[in-house]
Each structure stands twice: as C-alpha cells, then as structure tokens.
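The figures here come from the full heavy-atom set of this structure, side chains too, leaving out hydrogens, waters and symmetry mates. Order of listing sets the numbers, starting from 1, for every ligand and every atom in it.
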Amino acid sequence: MEVSPEILERWDKEFFWHPFTQMKVYREEENIIFERGEGVYLYDVKGRKYIDAISSLWCNVHGHNHPKLNKAIEEQLKKVAHTTTLGSSNVPAILLAKKLVDITPKGLTKVFYSEDGAEAVEIAIKLAYHYWRNKGEKRKLFITLSNAYHGDTIGAVSVGGIDLFHGTYRDLLFETVRLPSPYLYCKKEYGGLSERCVQDLLTKLEEVLKEREDTVAVILESGIQAAAGMLPYPKGFLKGVREITKRYNVLLILDEVATGFGRTGTMFYCEQEGVTPDLMCLGKGLTGGYLPLAATLTTEEIFEAFLGEFGEAKHFYHGHTYTGNNLACAVALANIEVFEEERTLEKLKPKIELLSERLKEFWELDHVGDVRQLGFMAGIELVKDKKTGEPYPYGERTGFKVARMCWEKGVFLRPLGDVMVLMMPLVIGEEEMSYVIDTLKWAISKL
Ligand SMILES: *Cc1c(COP(=O)(O)O)cnc(C)c1O
C-alpha cells in the first residue's frame, strides 16, 4: 500500500502517541517522518535528506543500511526469526554471549538478555537484590546519583534522579539515597572537576555506607550522566567508587547503555578507569542501532549464588517473551565484528580530537553557557544570559528551536532541554562532521 506523505502525516497525528512528546504541540507542528537511511544519512517521506547527528537516539554505530548488518539479519531470517530461550537456546544468542564475555572487562562471565536499556537496569536491580537474599542477607537500599537516568520503567525510575521525568512517580518508587551529581557538584563547590572534589564525593559515599549496612548496590551511569545533559564525571570518580564498594562489600552496577560500543573512544568507558563492575548494563549500540536488544552482564560470584536444586527455588524468576531474540542477537554479533573488520575505534581517535578542537569554537557564541565532551559524546548548553548563566524559560523550548533550524539545513538533532547534543554515528566522515558542527554553530548564533 502506497500512502502519500500527507496522509501519513494525518494518521501520525491521529493514531500515534509519541514517547517523550507533548502531543498537543506535536500535532500543531510539521514533523519529520523518516523513510530510509544510508550510512550517516536519513531521508524523510518527502525525500529530504539529513545527517543523523544523534545516531537515531544514540544507538546507531556503523551507519544505516550497513551491508554486513543487513546480511546478518537476512541470513538469520531465512532460518528462524524467533525461538524462546526460557529453558532452551538458540545459536546467535549463544555466540553473542560468548562474544560479549570476550570483549567486556575480565570478570564478567555471564550474560542475561532483554530488549531495552531500562530492562537491562531492572534486571541488574533485581539480580543485585536477589543475590543478597540468596546469600541469606536482607538488604534493600540502592545508592544512586542526582540527575541519574537509567530508563523509564518503575525500577529504573526508582534509581533515576531527574525530577522533571521522575518526580511524578515518587510515591511508587523504592527507597534510595542520592549522592550529588558529580559534574554539577564539583563545578559549584570546587569550580571544576578536581581531584579534591572526587575525594569529597567519595567521602560522602563512605558516610552513607557506614550508616547503611543494608545497601544492596551503588548504581551509576558509566563516565557521564548523558540524559541529564551530558555531564561527565571527574576522572578517578568511578575507580574510587569501585574501591569503596569493594571495601564495604556492596555491589557496583554500571550502566553502559549510552557509553557502550565505542561512544567514549574505548569499547566501554569502564576500561578507561580500569574498573570491572559486578553488574553491567548494555543496550543502545549493542545491535549497531538495528534492533532492540539489551544485556546485563555479571560475575561468576553472583551467578553462583543462584545455583541450587530445582526445589530450592533459588533461581532468577525473570524473563521476557523475546529474551535473546535470534534476529537481534545475530545483528549484535555482526555489529561487534564490524568494529574489528573496519577498525572503528582506531579511526574514531582523530575524529574525537577534531570534535574537541571544533567544540572550542562554541565558547565564543553569545548564548553558550557550557561545552562538555566525553569521547565522541558532546553537549552544548544554551543559556539566556552568558554572564549570569541564567537559563531560558523551560516553556520556550529554545533547544528544540535550534534543532529545528538545523533540520532545515539537513542536520537531524534532538536536544536534551537546552543542551544541544552531538552523538554522531562512529562511522561519520570528517567532512560530514564539519557540516554538522558548522550548521549547529550557525543555528546557535541566530539566537
Ligand atoms: C537510554 C538509556 C537507558 C534506557 O534505555 P532504553 O533502551 O531507552 O530503555 C538507560 N540508561 C542509560 C544510561 C541510557 O542512556
């Protein structure tokens, strides 16, 4: 059935409730309806072309319509699209599990699949909680950070710290202790991401742990609070948290959903701090941006706490219909192979340097209050008054207006509030990168 762009637009507004979208406003505006993609380019139903500068919400890695990734799905499709993994298995899920154990930090030896990042976090939370139960300890407290984001299901929201998204549900959530958001705290109290600030934050963590022997785990995003507006941690923070969690015998859950698969310059951010968590959550880039798949990796120690005779009922009563889906696992495996074949991380290095260089130019703009970067992830914060740092009123949607101006010039962006996000596919060329940066600079300069 061929349906005209006009009818699609009408039906989109009539039937489709979009995520994180004020539908009243959406229905009053003209929106993009994507139809196809090729490399770093996306095309809409009207034939307009855009560079995908946010990797289709941070998940695309090697570009759209990649021949090897397409082929992996096509080949698997000829065999079977989906078979259950509840008590049985499938070939790509086995191969991928082995591969993930090979490429993640030493010590992570078991893979539990799900479909989205939030589920990977839910599973980590439940595994951590259940682990202590199986060890005969009743613990219940999770330690989190202000401004954390781990997804939108209720468990993930419980450990989240963005009041705008999470505040409404407060009554439904379990107890957590929230430490300050490292970037914002260090900037406010120490004028920057200093070592002294790291020590201060770690002392705060220790104080909580001394008080609360019922702590299950500390849960953190790895390296950067991305959804909060690209707020990187000071160096050494993660390493310090790992040391303290070990010392106090509590688990460390690292959420690498946004940072995994090369986004920070290494395959996973925790490598840069030499940290192995007890539980690690993967999603987004796991399938190169092709299909929904997530994974929670864990250690032998945690896995073994769930072993017992059937009648002991110690096992993990958790699973989803599509857990370990064959097509998704097949493409995830191909995604990792492309990293090796195309030397993606090696080629990314000069692009990260180029990004750093070019980001400096944004400081000169009148309405830029801060510029932040971790690897190939960047955030440019717009402010109404550069001198005082006064933000634009929330209702004005300044970030979104800037994004729309970029759309007009063929650059697809989606900001986080008034933080302009650059999260380009790792495969992007330097010329396209420059076009994205020039366009964004131009749009901000028009404010
Ligand atoms: C996106 C994200 C999630 C949630 O993943 P979904 O697939 O959207 O459920 C969790 N944690 C982090 C750090 C994320 O960036």
Exercise for review: Check Tyr149 against ligand 1 and report side chain, backbone, both or neither, counting heavy atoms closer than 4.0 Å.
Suggested key: both

Tabulate below the donor-acceptor pairs under 3.5 Å that side-chain atoms of residues 216-231 make, not counting sequence neighbours, or state none.
{"from": "Glu221", "atom 1": "OE1", "to": "Tyr149", "atom 2": "N", "distance (Å)": "3.0"}
{"from": "Glu221", "atom 1": "OE2", "to": "Ala226", "atom 2": "N", "distance (Å)": "3.4"}
{"from": "Ser222", "atom 1": "OG", "to": "Glu256", "atom 2": "OE2", "distance (Å)": "2.8"}
{"from": "Gln225", "atom 1": "OE1", "to": "Ser181", "atom 2": "OG", "distance (Å)": "2.6"}
{"from": "Gln225", "atom 1": "NE2", "to": "Ser146", "atom 2": "O", "distance (Å)": "3.0"}

Practice item. Look at atom 9 (O) of ligand 1 and say which protein heavy atom is nearest, naming residue and atom and giving the distance to 0.1 Å. Key: Ala118 N, 2.9 Å

Review point. Between His320 and His318, does the ring centroid distance fall short of 6.0 Å?
Key: yes

Point to revise | Within-shell test, Asp255 vs ligand 1, heavy atom, strictly < 4.0 Å | key: yes

Practice item. Among all protein heavy atoms, pick out the one at the shortest distance from atom 7 (O) of ligand 1; state its residue, atom name and that distance to 0.1 Å. Key: Gly117 N, 2.8 Å

Check your understanding: Counting only heavy atoms on the protein side, is anything nearer than 4.0 Å to atom 11 (N) of ligand 1?
Key -> yes

Point to revise | Carboxylate-amine/guanidinium contact Arg48 Glu30, below 4.0 Å | key: yes

Review point. Which ligand 1 atoms are under 4.0 Å away from a heavy-atom of Gly151?
Key: 4 (C), 10 (C)

Got a list of side-chain donor-acceptor pairs under 3.5 Å for residues 418-429, not counting sequence neighbours?
{"from": "Asp418", "atom 1": "OD1", "to": "Gly399", "atom 2": "N", "distance (Å)": "2.8"}

Point to revise | Salt bridge flag under 4.0 Å for residues Arg27 and Glu14 | key: no

Check your understanding: Which bit of Val257 is near ligand 1, meaning a heavy atom under 4.0 Å away: side chain, backbone, both or neither?
Key -> side chain

Check your understanding: Does the separation of the ring centres of Phe142 and Tyr129 fall below 6.0 angstrom?
Key -> no

Review point. So which protein heavy atom does atom 15 (O) of ligand 1 come closest to, and at what separation?
Key: Lys284 NZ, 2.6 Å

